[in-house]
Amino acid sequence: MNILNPILNTDSYKLGHFLQYPAGTSAISGYITTRGASPKPEVVFFGLQMFLKEYLSRAITAADIDEAEEVATLHGQPFDRAGWEHIVTTHGGLLPLRIEALAEGSIVRRDTPMVQVVNTDPRVPWLTSYMETALLRAVWYPSSVASTVRRIRETLLPFLERSCDQPDLILPTRLSDFGARGTTSLEQSGIGGAAHLLQFRNTDTLPAVLYARKYYGAEMAGLSVPASEHTTMVAWGQPRETDAYSNMIDQFGHYPAYSVVSDSYDIQNAVAEVWGKQLQTKVRAAGGTLIVRPDSGDPIDTSVQVVAQLAYAFGTRLNGKGYKVLDDAVRVLQADGLSLQDMTMILGRLESMGFSAENIAFGIGASQLQKVSRDTYSFTMKCSARQDADGSWHDMSRRPTNMHDKLPRAGRQSVIVEDRDLVAVHRDELGGRQDQLVTVWENGKLLRDWTFEEIRARARG
């Protein structure tokens with residue numbers, strides 16, 4: 001049993017669609033977009049290249065056909081054995097498809113096509129729609145995570161601009177991805193984690209850096225720091241809490257930064273007495289930055305209290321904008337079930353107390369990688385044009401259910417730059433304007449290989 005049989009990477013009902021097209025149909029064109037409208041660009045297109053390299057590059061074999069036919073028959077569906085055998089015989093098992101796409105990292109308004117696909121062999125016009133399940137899944141998830149994380153970045157930025165001397169330098173370090181254990185699979189953590197790294201550089205989701213490395217050529221897309229967890233701290237017992245913290249300084253104090261979860265027993269005592277008094281001199285002498293992590297209690301009150309306690313113990317300086325910055329020996333990390341609203345409330349309260357936003361960073365887990373769905377940005381794939389045997393293209397679209405529904409875009413699509421914005425137009429109306437939907441894949445060959453840094457630069461635009 002080949003669980004990754006490409007023929008079976010679809011919805012069951014699509015197995016019978018080869019029998020449903022009008023006679024003489026030679027090609028079907030479809031595109032991936034999002035429903036709705038946006039007052040400004042908000043959707044980050046990302047992730048297609050991972051799918052192309054990992055899945056679409058796999059050739060279908062005779063064994064795949066045999067297995068797929070058996071499964072389809074037992075499952076109660078027809079099967080186009082002749083069509084799949086034609087693909088193996090004529091195309092070496094590689095799917096005869098042309099895929100056009102925007103440059104990954106592009107930021108678009110809703111209802112803008114991001115991907116367009118068409119079959120290149122008239123014998124298999126059903127192939128375009130057959131690929132909807134796999135293609136849409138390959139795009140909606142990483143793009144939704146990338147778009148959601150961009151919104152977090154855009155929300156945090158004003159706090160840094162008001163209170164930090166170098167907000168652009170500090171911003172990429174303000175959010176760490178701790179979501180690997182909250183995902184449903186290793187693959188999801190790699191794909192979603194890579195999307196996080198388009199906006200922020202800190203991550204403990206190791207598959208994320210592996211995916212960025214394998215599929216986008218990034219030598220190292222994300223950074224981490226040595227860090228404790230409750231297990232390694234409570235193993236010492238409460239009477240030896242100071243020894244546990246002291247060991248962290250001994251082992252990691254020479255690193256640029258190291259993180260110590262400090263709420264195993266009493267966060268206020270840990271900050272005021274252990275870090276602030278007993279180990280203060282040792283922390284300063286070690287050279288690295290101690291990141292104190294409160295991991296329980298009210299995330300807003302506790303975070304603000306810890307910053308204030310560290311300011312009292314270690315001192316502060318005023319930056320160029322007149323805000324207090326903790327001594328370089330200490331910073332704070334809050335990552336206990338935070339929402340974006342929590343982050344803004346913490347930063348707002350600190351700002352009102354005269355503290356710079358650079359004193360604290362945040363971590364986020366499952367809510368970033370897991371709490372998104374296809375409906376978050378209403379991703380969809382629409383088949384919008386049919387080609388006859390004589391080469392003529394015909395627009396196609398369903399009729400809206402009521403007069404207030406927006407008509408889906410019919411016909412083959414193009415995307416142009418208009419007033420620095422990406423705008424969809426019918427391909428017949430493209431004229432001499434440059435189409436931003438470029439061919440990235442054709443008949444088994446990758447034609448555009450975007451690097452992670454290229455994508456990251458676009459996604460931060």
Side-chain angles (χ1 to χ4, degrees), residues 6 9 27-34 43-60 87 91-108 112-121 124 127-147 190-191 194-195 198 211-218 379-385 409 412-417 422-425 427 430 433-459 461:
N9 190 5
I28 296 291
S29 178
Y31 63 92
I32 293 175
T33 187
T34 51
V43 179
V44 180
F45 168 54
F46 177 63
L48 176 64
Q49 187 165 295
M50 290 186 277
F51 172 77
L52 297 178
K53 289 185 175 182
E54 182 63 30
Y55 292 101
L56 217 56
S57 61
R58 299 180 183 181
I60 291 164
I87 290 173
H91 302 282
L94 296 172
L95 299 184
L97 293 171
R98 179 183 304 113
I99 299 176
E100 302 168 344
L102 299 177
E104 293 203 24
S106 296
I107 308 168
V108 299
T112 304
M114 289 168 268
V115 180
Q116 187 162 242
V117 57
V118 63
N119 59 289
T120 60
D121 186 330
V124 288
L127 188 58
T128 299
S129 179
Y130 194 92
M131 292 301 298
E132 175 187 8
T133 308
L135 270 174
L136 190 56
R137 184 171 53 217
V139 171
W140 81 252
Y141 176 69
S143 296
S144 296
V145 174
S147 303
I191 294 172
L198 294 179
Y211 272 57
R213 187 180 178 98
K214 178 178 180 180
Y215 299 113
Y216 294 102
F379 272 86
T380 185
M381 180 169 165
K382 302 287 187 182
C383 285
S384 58
R409 296 184 184 275
R412 293 180 298 159
Q413 300 296 304
S414 292
V415 176
I416 61 170
V417 177
L422 292 172
V423 178
V425 296
R427 179 144 298 181
L430 181 61
R433 295 173 292 187
Q434 184 175 358
D435 197 343
Q436 302 302 307
L437 287 172
V438 300
T439 303
V440 298
W441 183 272
E442 186 164 359
N443 300 335
K445 295 182 180 179
L446 183 71
L447 302 180
R448 292 291 182 100
D449 195 351
W450 302 114
T451 69
F452 199 77
E453 287 306 316
E454 288 175 324
I455 299 168
R456 180 182 267 169
R458 290 189 202 100

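These figures come from a predicted structure and were not determined experimentally. Only this structure's heavy atoms are used, side chains among them; waters, hydrogens and symmetry mates stay out. Residues take their numbers from the sequence shown, with the count starting at 1.
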### Message
Treating Q436 as the side-chain partner and L422 as the backbone partner, does any N or O pair qualify as donor plus acceptor under 3.5 Å?
### Response
no
## Note on the structure
Applying side chain to side chain donor-acceptor pair (under 3.5 Å) to E54 and not counting sequence neighbours gives R58, K214, Y215
### Query
Can you tell me how far the CD1 atom of I32 sits from the CD atom of Q413, to the nearest 0.5 Å?
13.0 Å
### Task
Kindly say whether the aromatic ring centers of Y216 and F46 come within a distance under 6.0 Å.
yes
## Note on the structure
Separation between CE (M131) and CG (L136), nearest 0.5 Å, reads 11.5 Å
### Query
Do V43 and F379 touch side chain to side chain, with heavy atoms closer than 4.5 Å?
yes
### Query
E453 side chain to A218 main-chain N or O, any donor-acceptor pair under 3.5 Å?
no
### Task
Would you mind reporting whether L446 and S57 have side-chain heavy atoms less than 4.5 Å apart?
no
### Query
Of all residues at least two apart in sequence or in a different chain, which pass the ring pair (Phe, Tyr, Trp, His ring centres under 6.0 Å) check with F452?
none
### Message
I'd like to check I60 versus H91 (side-chain heavy atoms, cut-off strictly below 4.5 Å). Are they in contact?
### Response
no
### Pair K53-D449, side-chain contact (heavy atoms from CB on, under 4.5 Å): steps then yes or no
CA-CA 10 Å; K53 289 185 175 182; D449 195 351; 2.9 Å; yes
#### Entry: Separation between OG1 of T128 and CD1 of I99, rounded to the nearest 0.5 Å
9.5 Å
#### Entry: Closest non-hydrogen atom pair, A134 against N9
CB-ND2, 3.6 Å
### Rounded distance (nearest 0.5 Å) linking atom OH of Y31 with atom SG of C383
10.0 Å
### Query
Between M381 and V115, is any pair of side-chain heavy atoms under 4.5 Å apart?
no
### Message
Strictly distance-based, threshold 3.5 Å: is any side-chain N or O of S414 a donor or acceptor partner for the main-chain N or O of V425?
### Response
no
### Task
Would you mind telling me which of L447, L52, L102 makes a side-chain contact (heavy atoms from CB on, under 4.5 Å) with V440?
L52
### Query
Would you call K445-E442 a salt bridge at under 4.0 Å N-O?
no
### Query
Taking Q116 as the fixed residue, which of R98, E100, R412 is the one that meets the side chain to side chain donor-acceptor pair (under 3.5 Å) rule?
E100
### Message
Applying side-chain contact (heavy atoms from CB on, under 4.5 Å) to V423 and T112, what does each step give before you reach the verdict?
### Response
CA-CA 7 Å; V423 178; T112 304; over 6 Å; no
### Message
Using a 3.5 Å distance criterion without hydrogens, assess whether the side chain of N119 forms a donor-acceptor pair with backbone atoms of L97.
### Response
no
### Query
Rounded to the nearest 0.5 Å, what separation is found between the CZ atom of R137 and the CZ atom of F51?
8.0 Å
### Task
Calculate, to the nearest 0.5 Å, the distance between atoms CZ and CH2 belonging to R448 and W441 respectively.
15.0 Å
### Query
How about I416 and L430: do any of their side-chain heavy atoms sit closer than 4.5 Å?
yes
